[in-house]
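All figures in this text were calculated on a predicted structure; none of them were measured in a lab.
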Amino acid sequence: MSDFAYPLHEECGVFGIYDRAGTEDVAAAAYSALYALQHRGQESCGIAVNDDGVIQGHRDLGLVNEVFTPAVLGSLSTPTAHMATGHVRYATAGSRVRANAQPMIVRHGRGTMALCHNGNLTNALELRRQLENEGAIFHGSSDTEVICYLITRNRLRMGSIETAISKTMDVLEGAYSLVIMSATKLIAVRDPRGYRPLCIGTLPGGGYVFASESCALDAAGATLLRDVEPGEIVIADTKTGELRSIKDHCGRPDTQMCVFEFIYFSRPDSIIEGSSVHEARKQAGRFLAQEHPVEADVVIGVPDSGLDAALGYSQESGIPYGIGFIKNKYIGRTFIQGSQKQRENSVRIKLNVVSSTVKGKRVVLVDDSIVRGTTSARIIKLLRDAGAKEVHFRVSAPPFKYPCYFGTDIPDQKLLVATGRNVEQINEIMFTARGSDFIIFDVEQYINPASEIADEVKNVCKALNAKPIIYSPTFSPGSEMARAMIDRDIKSFIFYDTAANMKDQLEKNMTGFFDANDRKEVKQILFLQEEEKKRMEEFTTVGVAGACHRMGTTTQAFQLVKYLQMKGYKACYIEMNSNRYIDKGTTNRLDREISFVQKVKSWFELDGENKE
């Protein structure tokens, strides 16, 4: 759910408070609010405090309680401070540095500004290069620093900070929800499309609070007033004590808040765009039960964001709701951890099955979404290992097929398990093939370059913990694949020609690399380790994948699976393309298929062994 080097994308939480009555400890309020927003970012955090126009702050890597010790928080708490901002940040691998932590404090000729940002600019690189050509010096790699530079430059030319912000919005593209604090103003800004949420609350003694989610308002003792409109600039002015707004950038017809806020990101006790996140997820579960009913004994959810949908599924279907997992509350969410390896390792300690709930029962497992798919497959295996009789996996969100460039950590479409696959194919990749020792990929006439095929092979085999075998009937694509696999340091075995040579090649030299003519120039390419020099029939499970655009070869792979299943192996057919090519039109190849299966028999029944 392999480590990948992504460009910077972040999902964060922002907060700001203006206490008009002067009765609140604004630093403590910001600390409580960031605790409530911790789910939105776990890599760094910070608080900036305005003490009678003097802005100071503290930011660092770590969780809120780690960064803000009692001593640090005490240094920020002063009775004369009436404004504060706070931020929690999540960023991908490679950008986890203190310089990118927020709030970012900028001191310029007209004063000081502290800025917090949630979202991602799609034109950040272009703007950064333009600023660098004009002499700007950057200390970090985040697009938040770009926004700071642009606002500061415009502020030096204009009469007020809100005018400078409005001017800056003219050139910003992408997602941004901002909380900005100057010497006398606390300002909330939302991009014209409204990708990321931002709301306004009121304090009991007078004053205003801005936050990514309403749960932070609750933690700070504030009451939800309304959401910041897409494109709106909202100003809490300490000179007047009033709230006013600028709507020059409002009114776009294509506003579109990220649906993942309702599906996954936001806390269930938050109110987003006037709707309860909890009720929205529960309603999604009800729809799921209506569209995909099943006979079962218990409905369970994947903590935490799948629990509400599971409850809705249970209420609609009449199947009892149960607690299927206990979550370790001291580990973060796997989706928003920086690397794939971190995500995979954390699943092992994150969840533990309540065996009394699932043992011997038909289980409906409800989750909010499938992204990469590896976490879902591991969770289902946990249920199987705990004795579940059946596991029916239900997902309350539509398939996640496309990358997001507005603040969700999925920049590469190849990482999404739903891309180019239907539900049946997703099932095969995530569940049917799990436990296979080998996956066989046929690369003849594959339309993609060898480098892209190798990336796909690496992703699939990594997710399924299997070893790849590459089959190519001709030398050219096989040799290109060999180079691509070597470049990626993937241990595999590559062989050529037809099934007649499978047994001979594997037995002759499992560490070798041969084509039909035993070409010496490729013999030195070695992949399999010494302990893996075993005949294929000694393995209890074999996975087979057809991955080509030629009817005949795909049909052969399908026939091989059928034969292996008949012989007692756990085998599966995985199509790496978007369409299945097995249909009634393949009957004219029957003689060829029978010949192929006979060759496979001789391969898997060495020394007269019969595995039936």
For this session: Show the numbers, then the answer: is there a ring-ring contact (aromatic ring centres under 6.0 Å, His included) between H87 and F15?
Result: CA-CA 6 Å; H87 188 271; F15 176 80; over 10 Å; no

For this session: May I have the step-by-step check of salt bridge (charged side-chain N to carboxylate O under 4.0 Å, His left out) for R129 and E132, ending in yes or no?
Result: CA-CA 5 Å; R129 286 174 177 168; E132 287 175 334; over 6 Å; no

Exercise. Does the salt bridge (charged side-chain N to carboxylate O under 4.0 Å, His left out) test come out yes or no for D254 and R252, once each step is laid out?
Worked result: CA-CA 6 Å; D254 57 346; R252 286 190 65 132; 2.8 Å; yes

Exercise. side-chain contact (heavy atoms from CB on, under 4.5 Å) between Q42 and R89: does it pass, once the steps are laid out?
Worked result: CA-CA 6 Å; Q42 301 163 9; R89 181 175 189 265; over 6 Å; no

For this session: Take D51 and T80 through the test side-chain hydrogen bond (donor to acceptor under 3.5 Å, both in side chains) and record every step on the way to the result.
Result: CA-CA 6 Å; D51 185 356; T80 54; 2.4 Å; yes

For this session: Give the C-alpha distance, both sets of side-chain angles, the deciding distance and a yes or no for side-chain contact (heavy atoms from CB on, under 4.5 Å) between H117 and I147.
Result: CA-CA 9 Å; H117 171 215; I147 300 174; 3.9 Å; yes

Exercise. So V179 and I187, side-chain contact (heavy atoms from CB on, under 4.5 Å) or not? Walk me through it.
Worked result: CA-CA 6 Å; V179 172; I187 303 171; over 6 Å; no

For this session: Evaluate the criterion side-chain contact (heavy atoms from CB on, under 4.5 Å) for residue pair L365 and I379; output intermediate values, then yes/no.
Result: CA-CA 9 Å; L365 175 65; I379 289 173; 3.9 Å; yes

For this session: Evaluate the criterion side-chain hydrogen bond (donor to acceptor under 3.5 Å, both in side chains) for residue pair D368 and S396; output intermediate values, then yes/no.
Result: CA-CA 5 Å; D368 60 275; S396 60; over 6 Å; no

Problem set entry | Stepwise side-chain hydrogen bond (donor to acceptor under 3.5 Å, both in side chains) check, N118 with S177 | CA-CA 5 Å; N118 172 30; S177 286; 5.1 Å; no

Exercise. Can you check salt bridge (charged side-chain N to carboxylate O under 4.0 Å, His left out) on R190 and E229, steps first, answer last?
Worked result: CA-CA 7 Å; R190 196 173 176 196; E229 296 179 23; over 6 Å; no

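At least one donor-acceptor pair closer than 3.5 Å links the side chain of N100 to the backbone N or O of S141. Although no hydrogens or angles enter the test, the distance criterion places no donor-acceptor pair under 3.5 Å between the side chain of R193 and the main chain of Q256. A distance-only check finds no donor-acceptor pair linking the side chain of T223 to the backbone of G201 [under 3.5 Å]. Judged by distance alone, with hydrogens and angles left aside, the side-chain atoms of D269 form no donor-acceptor pair with the main-chain N or O of C215 at under 3.5 Å. Looking at D308, its side chain never comes within 3.5 Å of a backbone N or O of H278 through a donor-acceptor pair. Side-chain N or O atoms of T163 include none that pairs as donor or acceptor with a backbone N or O of G159 at under 3.5 Å. When atom types are taken as modelled, the side chain of T202 and the backbone of Y208 share no donor-acceptor pair closer than 3.5 angstrom. Judged by distance alone, the side chain of Q102 and the main-chain N or O of V88 form no donor-acceptor pair under 3.5 Å. In this structure a side-chain-to-backbone donor-acceptor pair under 3.5 Å is present from R155 to M158. Between the side chain of S214 and the main chain of S270, no donor-acceptor pair closer than 3.5 Å is present.
With a 4.5 Å cut-off on side-chain heavy atoms, T152 and N154 do not count as touching. Looking at heavy atoms from C-beta onward, H58 lies in side-chain contact with F68 at the 4.5 angstrom threshold. The shortest side-chain heavy-atom distance between F393 and I370 falls under the 4.5 Å cut-off. Counting heavy atoms from C-beta on, the side chains of I47 and L76 come closer than 4.5 Å. Y149 has its side chain out of reach of R128: every pair of non-hydrogen atoms, C-beta onward, lies at least 4.5 Å apart. The shortest distance between side-chain heavy atoms of Y264 and S305 falls below 4.5 Å. You'll find the side chain of L131 reaches within 4.5 Å of the side chain of R153, heavy atoms only. The shortest side-chain heavy-atom distance between E273 and E261 does not fall under the 4.5 Å cut-off.
Note that CG of L73 is 8.0 Å distant from OG1 of T69, once rounded to the nearest 0.5 Å. Atom CZ of F265 sits about 11.5 Å away from atom OG of S212, to the nearest 0.5 Å. Atoms OG and CG, on S266 and L37 in that order, are 9.5 Å from each other to the nearest 0.5 Å. Note that CG of L121 and CG of L127 are 7.0 Å apart. Values are rounded to the nearest 0.5 Å. Atoms CG and CG, from L125 and D143 in turn, are 10.5 Å apart once rounded to the nearest 0.5 Å. Residue I165 holds its CD1 atom at 6.0 Å from CD1 of I233, rounded to the nearest 0.5 Å.
The aromatic rings of Y35 and Y31 stand perpendicular to each other, their planes meeting at an angle above 60°, with 30° marking the opposite boundary.
Considering L186, L115, T85, I235 in turn, L115 is the only one that fulfils the side-chain contact (heavy atoms from CB on, under 4.5 Å) rule with I180. Only one option out of R40, R267, R196 pairs with E213 in a salt bridge (charged side-chain N to carboxylate O under 4.0 Å, His left out); it is R40. Partner I300 forms a side-chain contact (heavy atoms from CB on, under 4.5 Å) with one of V353, V354, L307, L383 and no other, that one being L383.
Taking the six-membered ring for Trp, Y321 and Y313 have ring centres at least 6.0 Å apart. The six-membered or imidazole ring of Y18 lies away from that of H82, with a centre-to-centre distance of 6.0 Å or more.
Under the 4.0 Å criterion applied to side-chain N and carboxylate O atoms, R286 and E291 are not assigned as salt-bridge partners.
Of all heavy-atom pairs spanning A27 and S77, the tightest one is CB-OG, 3.5 Å. Looking at every heavy atom in both residues, E162 comes nearest to K185 through OE1-NZ, 2.8 Å. S369 and V395 get closest at one heavy-atom pair: CA-CG1, 3.4 Å. Contact between R98 and L61 at its shortest, heavy atoms only, is N-CD2, 4.1 Å.
By the 6.0 Å and 45° rule, R281 does not stack over the aromatic ring of F262.
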